[in-house]
Number of protein chains: 4
Amino acid sequence: MRSRESAALSRTRRARREDLIAAAIQVISQDGYGAASLERIAREAGTSKGNALYHFSSKEELYQAVATTLFETGAAYMAERLRAAGTPAERLRTYLESNLRFITLNAAHVGATQRILQNSTTVQVIEVEDAAAPLRRLLQSGQDSGEFGAFDPEITALSIRAAIDMAAFLFLRHPDLDVEHYISETVALFLRAVQPAPAPSASASASAP
Amino acid sequence: MRSRESAALSRTRRARREDLIAAAIQVISQDGYGAASLERIAREAGTSKGNALYHFSSKEELYQAVATTLFETGAAYMAERLRAAGTPAERLRTYLESNLRFITLNAAHVGATQRILQNSTTVQVIEVEDAAAPLRRLLQSGQDSGEFGAFDPEITALSIRAAIDMAAFLFLRHPDLDVEHYISETVALFLRAVQPAPAPSASASASAP
Amino acid sequence: MRSRESAALSRTRRARREDLIAAAIQVISQDGYGAASLERIAREAGTSKGNALYHFSSKEELYQAVATTLFETGAAYMAERLRAAGTPAERLRTYLESNLRFITLNAAHVGATQRILQNSTTVQVIEVEDAAAPLRRLLQSGQDSGEFGAFDPEITALSIRAAIDMAAFLFLRHPDLDVEHYISETVALFLRAVQPAPAPSASASASAP
Amino acid sequence: MRSRESAALSRTRRARREDLIAAAIQVISQDGYGAASLERIAREAGTSKGNALYHFSSKEELYQAVATTLFETGAAYMAERLRAAGTPAERLRTYLESNLRFITLNAAHVGATQRILQNSTTVQVIEVEDAAAPLRRLLQSGQDSGEFGAFDPEITALSIRAAIDMAAFLFLRHPDLDVEHYISETVALFLRAVQPAPAPSASASASAP
DNA sequence: GATGAATGAGCCTTCATTCAT
DNA sequence: TATGAATGAAGGCTCATTCAT
């Protein structure tokens, strides 16, 4: 006779860890990084501080898990969307859309991880490589093909990354934001920015007759 | 004992406060917000924890002073540059240039203040208004005059602010960055982005034969 | 290591709290209110400052517990003694005797609580009502029945309370005092004081011929 | 031309000390013993912490001065009133009246001194002798002359002292108290208490038929 | 797996005291 | 005399971590 309670008690190791990761995200998002003590997080997860340290040998390790799970799910999410090749402009659109949509779906997780990475000295992201590097290569390929205009791809990549990285806090502060509108506007903004300059022909001045 | 250091001893109250503000910026920039204890900051300023609390009645007040001095100097810096009116495009250029140049000149101060505002619950910036509001109005005036294209000025303003706010950490991480190049590229990027769409001439419609 | 002290280790939460309450009483009685630091109290209880704050969330809460336990035991002690009704004189005798005897049995606890109530701004006693009120009513009932003389029951009650409240420090300073003698003398003193004035007969004026 | 300011600046040493003593009394009475820091007291006296320690070499010395001035003025006040001899009953009346009246006139000073003596380990009162001793001798002389009844003079003296010592806090808590009524009632209370037992006349024995 | 108890380090803050001016 | 500046000790409290059960 396996009671429901026994099912609850036999929670697998993984489930408990996920509870704690979710609790850490929740506490950091709600009360701030500074207020996120192990005691507080464990209580949020419905367990004890001692047990939390049974599943994660240190607080830093729990925070590392928060970051790692985010990058794993994020990478999986975007990998399938970015796989399909296309023109650089299409790939830039897909990159922005998938990034922003993933962030809107995981705003608390993203925001908490950003706080952790900002404040922790030991938590590291696996991809040590500059987060803007893939984007820079994408922009360069667009310039090589003549589809994009002339600009410093490094700096442009950084500006695009800034807009993306800001999104989590934007959505956390304004939960009622129209996500689709925000995404399409941001995509359009940067697509305009990377377009080649219009030929300085008569038609250019024609817009202000 | 230290009677020879009369110069050091005659330090006025203001000088000591400035020392402590500078030390707080330095420690936060160098060792991180979490490592910035009063003891550490006071040592960095060449004084004692007790004396630091003699000049600032609490740690929060010291942090508030870090934020306030930044906004005061920042407002003074940009006020004279933004005073001169001009076309919206010129004003956007000036806004971006003065913001970014001020940040490059005060990267540590800006970065430390951002960390403080993120982590402190009590430190407040005087201008409660949304930091993106003046920018949004600037963009709207450009649209009204027909100089700028059609886009959501709120979202565009947020993206521009994101690029600006990111700059401090960028310069802190990469002190060897070519500041002028970075500024001119960023300005050009967003000026392109707000331009009106080119007239749907033959070359433009060529993409859909 | 300490696995042999299973008795000590199995101490329940309540036992540890009682240890700390007893230690607080001991330290305050012995070294004074000002010297009673949490560190000192915890050492006296055989534990650490951190653990003391694990059992009581603040020093004030520990002090509140010192006061509360005193009033609980005191109320229980006197309730059964005062239950039995009787003439006002008998009830006054019982009130004084039970109060004073309880104090002699708990002099350190009473004295420490008085110091706490004098010095703490937050510790409160449950019975907000004036401590002299029940005594005042007792005196009034004696006057109504004619058993007591004419006097201001409020002021008399205050004087009796003063004698009672002083007792704890008296016994702490003079541990060798004859308790029973002290109690019976104090009872007799105040019983005389509340007696009706003797009839102004010849015999009364005879003492001053 | 001696301006008023110069008069203020040339305050004599004694005047400054008295200011500080008065400020200490005020702060202790108003904010409590625990809140009475040197900084707070000096500010109340209109001077600086450093200057306070110029006039009193330590905080304890200031507190000692608070106690000493009280006992000097108190002794002077009562000496002239107690000088005139009389019957023990008259002297007891005078003792109580002068004590209580002095306390009502100096309630804050008396209360502050009591707090200081309770909390300080070093402040001492000059008359180390038991404060109740003169009273005990007074009571004994009344018993020797047959004017007072049979009771333990030591314990009675302590009860009377308790009523007196409580008076300061009573008046501080209830500033609207009718002082003269309080004094006359208290005097009458203890005069009754020390009277000889009434002769076992018929009316007295009537209570035990 | 899980918990309560316990510890020790570190932090902010208060405060008496010292000292140069 | 008087003050501002500075120091160091001490206190209450938080918290990550350890451990016995």
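Proteins get letters first, then strands, A, B, ... in listed order; numbering begins at 1 in each.
- In terms of position along DNA chain F, the nucleotide closest to B:Tyr54 lies nearer the 5' end than the nucleotide closest to the other residue of the pair C:Ser58 and B:Tyr54.
- Take the nearest nucleotide of DNA chain E for C:Gly50 and for B:Ser37: the residue whose nucleotide is more 5' is C:Gly50.
- Regarding C:Glu39, its CD atom lies at a distance of 12 Å from the P atom of E:dA9, rounded to whole Å.
- Looking only at distances, no side-chain donor or acceptor of B:Arg16 sits under 3.5 Å from a matching main-chain atom of B:His55.
- When both pairing distances are held under 3.5 Å, F:dG8 makes a Watson-Crick or G-U pair with E:dC15.
- A straight line from CG of C:Leu38 to C1' of F:dG11 spans 8 Å, rounded to a whole angstrom.
- Both B:Ser57 and C:Gly46 lie close to DNA chain E; mapped to their nearest nucleotides by heavy-atom distance, the more 5′-ward contact belongs to C:Gly46.
- The side chain of A:Lys59 lies closest to F:dA16, out of F:dA16, F:dT3, E:dG4.
- Atoms CG (B:Asp19) and C1' (F:dA6) sit 14 Å apart, rounded to a whole Å.
- C:Gln64 has its CD atom 17 Å from the P atom of F:dG12, to the nearest Å.
- Closest to the D:Asn51 side chain, of the nucleotides F:dT3, E:dT3, E:dA6, is F:dT3.
- Side-chain atoms of A:Arg43 come within 3.5 Å of backbone N or O of A:Thr47 as a donor-acceptor pair.
- Atoms CZ (A:Arg17) and P (E:dG1) sit 11 Å apart, rounded to a whole Å.
- As rounded to whole Å, 15 Å separates atom P of E:dA16 from atom CD of D:Glu61.
- Listed nucleotides: E:dT17, F:dA2, E:dA6. Nearest to the side chain of D:Lys49: E:dT17.
- E:dA20 is paired with F:dT3 under the criterion used here, namely a Watson-Crick or G-U wobble arrangement in which both key atom distances are under 3.5 Å.
- Put simply, the side chain of C:Gln118 does not reach to within 4.5 Å of the side chain of D:Tyr33, judged on heavy atoms.
- Nearest nucleotide to the D:Leu53 side chain, out of E:dT18, F:dA6, E:dG1: E:dT18.
- Residue B:Thr47 places no side-chain N or O under 4.0 Å from the OP1 or OP2 atom of F:dA5.
- Among F:dT3, F:dA5, F:dA6, the nucleotide with an atom closest to any side-chain atom of B:Arg13 is F:dA5.
- With rounding to whole Å, C:Arg43 atom CZ is found 15 Å from F:dA10 atom C1'.
- Checking E:dT3, E:dA16, F:dA6 against every side-chain atom of A:Ser48, the shortest atom distance belongs to E:dT3.
- Each of D:Ile116, D:Leu117, D:Ile28 was scored for a side-chain contact (heavy atoms from CB on, under 4.5 Å) with D:Val66, with one residue passing: D:Ile116.
- Annotation: cation-pi geometry not satisfied between B:Arg115 and B:Tyr63 (NZ/CZ under 6.0 angstrom from ring centroid, within 45° of ring axis).
- A close approach under 4.0 Å does occur between a side-chain nitrogen or oxygen of A:Arg16 and OP1 or OP2 of E:dA2.
- Side-chain N or O atoms of D:Ser37 include one that pairs as donor or acceptor with a backbone N or O of D:Arg40 at under 3.5 Å.
- Considering only side-chain atoms of A:His55, the nucleotide from E:dA5, F:dC13, E:dG1 that sits closest is E:dG1.
- Distance CD1 (D:Ile41) to C1' (E:dT17): 15 Å, rounded to an integer number of Å.
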